[in-house]
Undergrad: 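Sharing a structure with you now.
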Amino acid sequence: MQPVPEIYVPDGFDLWPAAALDSFLHGLLTFDRLFAAGGLRVTDTSTGVAFLPGCCDGLEDWREWHRFADDGRLLGFGHEPVSPVAERFGDTVRLSVDSEQSASPVIELPSAELRNLLKGVERDLGDFLTLAADWASWQLPGRSASVTAALARALDLPTPGSIAAGSVLQP
C-alpha cells in the first residue's frame, strides 16, 4: 500500500508541476479544505493486481481507511467507468478494482494486515512531509513554516518535529 499523487504530466515533465507558484501557494495557504488528488494504491505482488485510487479519492482522505478498518462500512472511491470499492467480510478485506464488473480483479487480505499497511502509509506520508519541509525551507524561506503547516493539514498529519521521532499516530 502506497500513497500516490495524481498528476498531469505535461510534455514529459513528470515532477509534481505547479503552473504558477504564487497561485499554487495562495490556494495552499488560504483554502480551508485542501484537496490532494490521488489516494492509496494497493498492489498484490503475487498476482500483479493493482487497486488504484479512483476519481473521487484524495490523499487528504487517507484516514478513511482507518474508519473502514474499524467499522467495515463499504468504502467507495469512484464511479463509472471504473468504480474501485473496499468491502469487509468478517476478518477479510476485499478490494475490488471495479465493482461495476462481476469478474473484476480483487485483492483479499486479512483486516489485521490492512492496519499494518496503514502504518506504512503513515510513515511514507510523514517522510514525504519531512522532505517537503526541507525543500520549502530551501526554496521558500519566507513561507516555509506556513507551507509545511498547510501540507500537514492537507495530509492530516502533525507538522514535522511536533511529535516524537518514530512514533506512529492514531486516527
Side-chain angles (χ1 to χ4, degrees), residues 1-43 50-71 73-86 95 97-98 114-171:
M1 181 176 268
Q2 299 171 307
V4 293
E6 177 185 315
I7 61 171
Y8 166 72
V9 181
D11 300 326
F13 181 79
D14 61 358
L15 299 175
W16 201 353
L21 181 60
D22 287 335
S23 295
F24 173 77
L25 290 176
H26 174 75
L28 181 67
L29 299 176
T30 62
F31 291 173
D32 289 333
R33 175 93 167 116
L34 298 174
F35 178 74
L40 302 184
R41 173 179 58 204
V42 182
T43 304
F51 181 87
L52 303 174
C55 62
C56 299
D57 202 7
L59 282 170
E60 75 281 359
D61 295 325
W62 74 273
R63 288 196 186 269
E64 286 295 308
W65 284 84
H66 281 287
R67 182 198 49 80
F68 169 72
D70 291 340
D71 65 24
R73 284 184 284 157
L74 184 76
L75 190 56
F77 302 97
H79 49 79
E80 291 183 16
V82 178
S83 302
V85 68
L95 306 175
V97 172
D98 186 353
L114 175 61
R115 292 181 192 283
N116 289 332
L117 292 171
L118 288 170
K119 288 177 186 176
V121 165
E122 187 161 13
R123 279 190 301 275
D124 289 346
L125 288 172
D127 290 347
F128 165 78
L129 186 57
T130 298
L131 291 170
D134 290 344
W135 175 87
S137 67
W138 182 57
Q139 294 290 325
L140 307 165
R143 298 177 176 165
S144 65
S146 55
V147 166
T148 301
L151 287 173
R153 187 168 46 90
L155 297 174
D156 195 13
L157 294 171
T159 55
S162 65
I163 60 170
S167 65
V168 177
L169 305 173
Q170 298 300 315

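For reference, positions follow the sequence shown, starting with 1.
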Undergrad: Rounded to the nearest 0.5 Å, how far does CG of Leu117 lie from CG of Leu40?
TA: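 One finds 10.0 Å between CG of Leu40 and CG of Leu117.
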Undergrad: Ignoring hydrogens, what is the shortest heavy-atom contact between Leu155 and Phe128? Give both atom names and the distance.
TA: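 Nearest heavy atoms, Leu155 then Phe128: CD1-CD2, 3.8 Å.
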Undergrad: Would you call the rings of Trp65 and Phe51 parallel, tilted or perpendicular if under 30° counts as parallel and over 60° as perpendicular?
TA: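 Perpendicular, since the angle between the ring planes exceeds 60°.
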Undergrad: With rounding to the nearest 0.5 angstrom, report the CG to CG distance, Asp124 to Leu118.
TA: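 Nearest 0.5 Å value for the CG-CG distance: 11.0 Å.
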Undergrad: Work out which heavy atom in Ala149 is nearest to a heavy atom in Thr159; give both atom names and the distance.
TA: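 Heavy atoms of Ala149 and Thr159 come nearest at CA-CG2, 3.7 Å.
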Undergrad: Taking only residues two or more places apart in sequence or in another chain, which ones pass side chain to side chain contact (heavy atoms under 4.5 Å, CB included) with Ser146?
TA: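 Residues passing side chain to side chain contact (heavy atoms under 4.5 Å, CB included) with Ser146: Leu29, Arg143.
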Undergrad: List the atom of Ala150, the atom of Leu34, and the distance in Å for their closest heavy-atom pair.
TA: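 Shortest heavy-atom separation between Ala150 and Leu34 comes out as O-CD1, 3.5 Å.
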Undergrad: Quick check for you: to the nearest 0.5 Å, what is the distance between Leu125 atom CG and Gln2 atom CD?
TA: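 With rounding to 0.5 Å, CG (Leu125) is 11.0 Å from CD (Gln2).
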Undergrad: How close do Leu151 and Ala132 get, counting heavy atoms only, and between which atoms?
TA: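 Residues Leu151 and Ala132, closest heavy atoms: CD1-CB, 3.7 Å.
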Undergrad: Mind jotting down which residue pairs meet the side-chain hydrogen bond (donor to acceptor under 3.5 Å, both in side chains) criterion with at least one end in residues 25-38? Sequence neighbours excluded, please.
TA: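 Every side-chain hydrogen bond (donor to acceptor under 3.5 Å, both in side chains) pair that includes a residue of residues 25-38, provided the two are not neighbours, is Arg33-Asp61.
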Undergrad: What heavy-atom pair brings Asp156 and Arg63 nearest, and what distance separates the two atoms?
TA: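 For Asp156 and Arg63, the tightest heavy-atom pair comes out as OD2-CD, 2.7 Å.
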Undergrad: For Glu64, enumerate each residue passing the side chain to side chain donor-acceptor pair (under 3.5 Å) test, keeping only those at least two apart in sequence or located in another chain.
TA: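 By the side chain to side chain donor-acceptor pair (under 3.5 Å) rule, Glu64 matches Arg67.
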Undergrad: Give a yes or no answer on whether the side chain of Glu60 reaches the backbone of Ala36 with a donor-acceptor pair at less than 3.5 Å.
TA: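 Checked: pair present.
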Undergrad: Tell me the closest heavy-atom pair linking Leu129 and Pro158, and the distance in Å.
TA: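 Smallest interatomic distance, heavy atoms only, reads CD2-O, 3.4 Å.
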Undergrad: Under 3.5 Å, is there a donor-acceptor pair between the side chain of Asp98 and the main chain of Ser83?
TA: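 Looks like yes, one N/O pair under 3.5 Å.
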Undergrad: Is a side-chain N or O of Thr148 found less than 3.5 angstrom from the main chain of Ala145, in a donor-acceptor match?
TA: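 Here the side-chain-to-backbone pair does not exist.
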Undergrad: Working to the nearest 0.5 angstrom, can you tell me the gap between Trp138 CH2 and Ser144 OG?
TA: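 One gets 13.5 Å once the value is rounded to the nearest 0.5 Å.
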Undergrad: Only one of Leu114, Thr43, Leu95, Asn116 passes side chain to side chain contact (heavy atoms under 4.5 Å, CB included) with Met1; say which it is.
TA: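 Between Met1 and the candidates, side chain to side chain contact (heavy atoms under 4.5 Å, CB included) is satisfied uniquely by Leu114.
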Undergrad: Any chance you could measure Leu59, atom CG, to Phe35, atom CZ, to the nearest 0.5 Å?
TA: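 Interatomic distance, Leu59 CG to Phe35 CZ, rounded to 0.5 Å: 8.5 Å.
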